[in-house]
Amino acid sequence: MAGSPIDRIPLYVTMLPVPGVVAWLAVGKVGPGFLALVLVAVLLGNVIAAVHHAEIVALRVGEPYGTLVLALAVTVIEVGLIISIMLSGKPNLTLLRDSVHAVVMLVLHGLAGVCIVVGAFRDRESEFQVEGAKAFLAVLIPMATLVMVLPNYLVSAPGPYYSPLQLAFVSAVCLGLYIAFLFIQTGWHRAYFLPIDEGGAVEHARPSGRIALASLGMLVVALLSVVLLAKSLAPALEAGVQTVGAPLAIVGVIIAAIVLLPETAAAIRAAARRQLQASINLALGSAVASIGLSVPVVALASFWIGQPLELGISAGASVLMALGFVVAIITYGTGRTNLLSGIVHLVLLATYVFTVFAPGGRGQTRPALRSSSTRAVARWSNAVAAA
């Protein structure tokens, strides 16, 4: 966050949201082509602009509230992308599951692994607060299990689905866990999420109240632009995935990558400045916010449009996620990390990416998948009507 200028607002982050809103008003939805590539560039620029403004606000309010502001901004972008694609056309019952699963795996292994490796090249061993990391994992593990594993083992709804009542309950639980975590992070145990050597920490200058308020207003506009551009690009994204024959889950991975791009830059910068604690707060905080806020909001949208959510991941993905959590517990259990820990996490990331593109032989044919989705939508609509 220290890389953001605090005495002025750069022109490019002020102007970028404007073409995004204008493009949505003038063009609407677009298919594959040059125009789609231009809108993708504008969307990425708006994501960067949104996080820049969030960083200014974060510097104003200080830690640990700063990383919380960044996590909330990123989650708004994720929810906007998911709901925009859900409302764009053909039902995509797995989009929430695929994007949340990708966020968890990319954060747990990709972002964390890169930050640990960067920190290891600066210092052989990097230190952080064990209690803070354990608090993140204590919330993230049950959230991920309830959302992506438990649906496969309940018999009230066939397949990897929750019934409407079960989905409402799990959404409320995720939101409640996130609120409880915020209470711990910003209140009772705020020190768990601060650097160990507070005396040696560098005090960053704070932007003025005028700059912070201006950035807050522009943050709202940039987030709105991201959501509108995602709605315009949804048909092009789905058509592109079908054209190249990529697995449908890649859409969720793309959403997660777009969402995490600015967080990744901020976390790596922090690790390079020997601030691994800030990197952990950014990385794990994004995953916790992704489930704690995205699932309840998208669940409400699914009730509204009468579209079920296929949440359960496969048995192989469940095993890989469980292995990832075991490795994370080992990594964050001592308060010190080294190069080997980072390499292990990056290997698990490579394994996850490989299994997305080569999921194995338990898949259905595309017609069978469409038929199953149609039946699921019908069952869900009847259940919502009965409720």
Side-chain angles (χ1 to χ4, degrees), residues 71-72 74-88 90-104 136-185 227 230 248-249 251-252 255-256 259 285-314 317-318 321 372-387:
L72 291 176
V74 167
T75 303
V76 170
I77 295 173
E78 180 185 14
V79 170
L81 292 171
I82 293 174
I83 294 180
S84 296
I85 295 176
M86 285 177 61
L87 298 176
S88 65
K90 296 179 182 178
N92 189 340
L93 310 187
T94 65
L95 184 58
L96 175 64
R97 178 199 69 189
D98 294 337
S99 59
V100 169
H101 186 209
V103 166
V104 171
F136 279 117
L137 293 177
V139 175
L140 182 58
I141 292 174
M143 277 184 175
T145 303
L146 288 174
V147 172
M148 293 181 283
V149 179
L150 186 60
N152 294 321
Y153 300 98
L154 295 179
V155 298
S156 57
Y161 299 91
Y162 278 128
S163 69
L165 181 60
Q166 290 169 340
L167 179 59
F169 175 78
V170 169
S171 299
V173 168
C174 289
L175 183 60
L177 283 173
Y178 187 66
I179 293 173
F181 174 78
L182 291 184
F183 178 72
I184 295 298
Q185 185 183 26
V227 173
L248 191 59
V251 178
I255 291 176
V259 166
S286 297
V288 170
S290 175
I291 300 180
L293 297 178
S294 298
V295 171
V297 174
V298 177
L300 285 176
S302 74
F303 287 125
W304 177 47
I305 65 177
Q307 178 177 313
L309 300 175
E310 184 177 331
L311 294 177
I313 58 179
S314 67
S318 299
M321 188 172 70
S372 175
S373 298
T374 302
R375 291 194 300 270
V377 171
R379 288 195 303 265
W380 180 269
S381 299
N382 293 335
V384 171

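For this chain, numbers begin at 1 and follow the sequence in order. Since the model is a prediction, treat every value here as computed from it, not as a measurement. Computed over heavy atoms, backbone and side chain alike; hydrogens, waters and symmetry mates excluded.
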Minimum heavy-atom separation for [X] and [Y], please, with both atom names.
| X | Y | value |
| --- | --- | --- |
| Pro142 | Leu137 | CD-O, 4.1 Å |
| Pro296 | Ser171 | CG-O, 3.4 Å |
| Asn152 | Gly312 | OD1-CA, 3.5 Å |
| Met143 | Val288 | SD-O, 3.9 Å |
| Ala299 | Leu309 | CA-CD1, 4.0 Å |

Rounded to the nearest 0.5 Å, what's the gap from [atom1] on [X] to [atom2] on [Y]? Could you check?
| X | Y | atom1 | atom2 | answer |
| --- | --- | --- | --- | --- |
| Leu311 | Asp98 | CG | CG | 10.0 Å |
| His101 | Ser290 | NE2 | OG | 12.0 Å |
| Phe181 | Leu140 | CZ | CG | 9.5 Å |

With a 4.5 Å cut-off on side-chain heavy atoms, are [Y] and [X] touching?
| X | Y | answer |
| --- | --- | --- |
| Leu150 | Gln166 | no |
| Ile291 | Tyr178 | no |
| Leu167 | Ser302 | yes |

Is the side chain of Arg97 donor-acceptor paired with the backbone N or O of Ile313 at a distance under 3.5 Å, no angle test?
->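 No: the side chain of Arg97 does not pair with the backbone of Ile313.
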Tell me, with the steps shown, if Met148 and Val104 meet side-chain contact (heavy atoms from CB on, under 4.5 Å).
-> CA-CA 11 Å; Met148 293 181 283; Val104 171; 4.3 Å; yes
